[in-house]
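In what follows, a single structure is set out as structure tokens and then discussed.
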Amino acid sequence: MSKTLCIDWGNTLVKAAIFNGEDKIVKSYQFEDGNAIDSLTGIISEHQPQAAIFSSVARHAADVETHVRDQVQHFLKLDQHTMLPVMNAYSSPETLGVDRLAIAVGAQAAFPNTNVLAVSLGTCVTYNFVQKNRAFRGGAISPGLNMRLRSMHEWTDLLPAVSAEGEILLLGYDTPTCMRSGAIYGMASEIDGMVNAFADQYPDFNAVLTGGDAALLANKLKSKIFADPDLLMKGLNLILKHNVPQLR
């Protein structure tokens with residue numbers, strides 16, 4: 001049974017997943033970009049994938065792509081010219097983060113024949129809307145959790161640097177818990193508001209939550225929203241199979 005390797009090079013971490021021929025994740029990985037070549041070499045050596053897809057929204061050394069390309073039979077770098085199983089109706093595809101394309105593809109596959117909003121919580125919060133006619137239309141972008149906390153510290157003289165880890169209280173009792181409350185509950189309220197706004201405008205609607213901070217926010221939301229931490233990887237795997245017919 002052939003395996004595929006999906007690589008997501010993000011602003012914070014590099015993530016990878018191995019899929020089997022039945023589109024199930026065999027194993028997931030995440031590592032720092034400085035360890036990328038060694039980590040990817042080990043993954044490829046262990047699983048011997050037939051094909052790989054590479055998605056990046058951050059600067060990286062070109063030899064990383066070459067290194068992976070040389071070790072698999074089929075290699076695909078996701079960009080604005082890649083063929084997709086959905087229609088890309090974004091008006092400036094050259095500025096579109098390719099991770100959003102993968103998320104859109106994963107969301108459409110999870111909820112076919114409906115309007116679906118995929119909310120990804122990473123460095124930024126991205127709202128990615130796919131209409132029931134399989135057209136990715138765009139959505140919205142706002143600061144992610146750590147960006148909100150960091151900006152409060154860096155744009156003021158007295159507010160401290162606060163980690164997202166720690167007590168999360170609606171009623172903060174000191175400056176760190178107040179900052180954490182504002183960032184987390186404020187983001188939850190934003191997501192609820194966006195989900196409700198899309199649901200009001202589009203019938204036959206579903207919403208799905210994904211991204212690194214999804215687990216932290218999921219129980220703070222009031223709106224009906226599904227959770228799938230592997231949505232991006234699933235989308236990458238679908239795009240790879242869409243472009244390499246031998247894998248279907």
Side-chain angles (χ1 to χ4, degrees), residues 1-85 97-110 118 120-124 126 128 144 146 208-216 227-248:
M1 184 180 296
S2 62
K3 294 179 181 179
T4 56
L5 168 62
C6 299
I7 303 165
D8 170 41
W9 195 292
N11 289 296
T12 305
L13 291 170
V14 181
K15 299 178 182 179
I18 291 288
F19 285 79
N20 63 20
E22 298 177 348
D23 298 333
K24 303 295 184 183
I25 294 179
V26 175
K27 196 166 183 180
S28 297
Y29 304 84
Q30 65 178 32
F31 40 87
E32 302 289 339
D33 55 6
N35 301 323
I37 288 183
D38 289 343
S39 298
L40 291 171
T41 297
I43 294 169
I44 294 171
S45 176
E46 178 182 356
H47 296 283
Q48 297 294 309
Q50 181 184 359
I53 181 170
F54 187 93
S55 166
S56 176
V57 295
R59 294 184 179 91
H60 61 275
D63 60 346
V64 175
E65 294 178 37
T66 303
H67 186 77
V68 176
R69 186 190 301 271
D70 289 345
Q71 297 185 73
V72 295
Q73 185 176 353
H74 305 283
F75 178 85
L76 178 68
K77 181 179 180 181
L78 179 59
D79 61 27
Q80 67 267 30
H81 304 295
T82 303
M83 292 188 298
L84 304 172
V98 289
D99 57 338
R100 297 182 66 191
L101 288 176
I103 290 168
V105 169
Q108 193 280 326
S120 178
L121 309 185
T123 303
C124 290
T126 64
N128 308 283
N146 286 308
V208 57
L209 189 70
T210 192
D213 288 327
L216 189 62
D228 186 347
D230 300 316
L231 195 66
L232 188 154
M233 289 298 179
K234 291 176 180 177
L236 288 176
N237 188 57
L238 289 169
I239 294 170
L240 179 59
K241 296 182 71 173
H242 184 73
N243 284 269
V244 185
Q246 299 94 314
L247 300 174
R248 297 176 194 170

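None of the values given here were measured: they were computed from a predicted structure. For reference, positions follow the sequence shown, starting with 1.
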Check side-chain hydrogen bond (donor to acceptor under 3.5 Å, both in side chains) between [X] and all other residues, then give those that pass, not counting sequence neighbours.
| X | answer |
| --- | --- |
| E65 | H60, K77 |
| T126 | N128 |
| D230 | none |
| N237 | T4, D23 |

With sequence neighbours excluded, residues passing side-chain contact (heavy atoms from CB on, under 4.5 Å) with [X]:
| X | answer |
| --- | --- |
| Q30 | L13, K15 |
| V14 | I7, W9, F31, D33 |
| A104 | V130, F136 |
| E46 | K27, Y29 |

Pairwise distance [atom1]([X]) to [atom2]([Y]) - rounded to 0.5 angstrom:
| X | Y | atom1 | atom2 | result |
| --- | --- | --- | --- | --- |
| R59 | N11 | CZ | CG | 10.0 Å |
| I239 | L101 | CD1 | CG | 6.5 Å |
| L232 | I103 | CG | CD1 | 4.5 Å |
| I53 | F19 | CD1 | CZ | 10.5 Å |
| R69 | H74 | CZ | NE2 | 13.0 Å |

When you compare the side chain of [Y] with that of [X], does any pair of heavy atoms fall below 4.5 Å?
| X | Y | value |
| --- | --- | --- |
| V244 | L76 | no |
| N146 | T123 | no |
| I44 | P49 | yes |
| V64 | F54 | yes |
| Q48 | K3 | no |

Please table the atom pairs, donor to acceptor, closer than 3.5 Å between any side-chain atom in residues 36-43 and protein atoms at least two apart or in another chain.
residue	atom	partner	partner atom	Å
S39	OG	N35	O	2.8
T41	OG1	I37	O	2.7
T41	OG1	H67	NE2	2.5

Open item on the list: Can you tell me which residue among L84, D8, D99, L240 is in a side-chain contact (heavy atoms from CB on, under 4.5 Å) with L78?
Closed with: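 Running side-chain contact (heavy atoms from CB on, under 4.5 Å) over L84, D8, D99, L240 with L78 returns exactly one hit, L84.
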Open item on the list: Checking the side chain of N20 only, and the main-chain atoms of V26 only, is there a donor and an acceptor separated by less than 3.5 Å?
Closed with: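 No: the side chain of N20 does not pair with the backbone of V26.
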Task: Main-chain N/O of A17 paired with S28 side-chain donor or acceptor, under 3.5 Å - done: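 The answer is no, because no donor-acceptor pair under 3.5 Å joins these two groups.
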Please give me the minimum heavy-atom distance between [X] and [Y], naming the atom from each residue.
| X | Y | result |
| --- | --- | --- |
| A109 | L238 | CB-CD1, 3.4 Å |
| V105 | P85 | CG1-CG, 3.6 Å |
| A102 | L236 | CB-CD2, 3.6 Å |
| S120 | G211 | OG-CA, 4.2 Å |
| A214 | L209 | O-CD2, 3.7 Å |
| V98 | S55 | CG2-OG, 3.3 Å |

Open item on the list: I'd like to know if the side chain of T66 pairs up with that of D63 as donor and acceptor (distance under 3.5 Å, no hydrogens or angles considered).
Closed with: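 There is no such pair (donor and acceptor under 3.5 Å, judged by atom type) between the side chains of T66 and D63.
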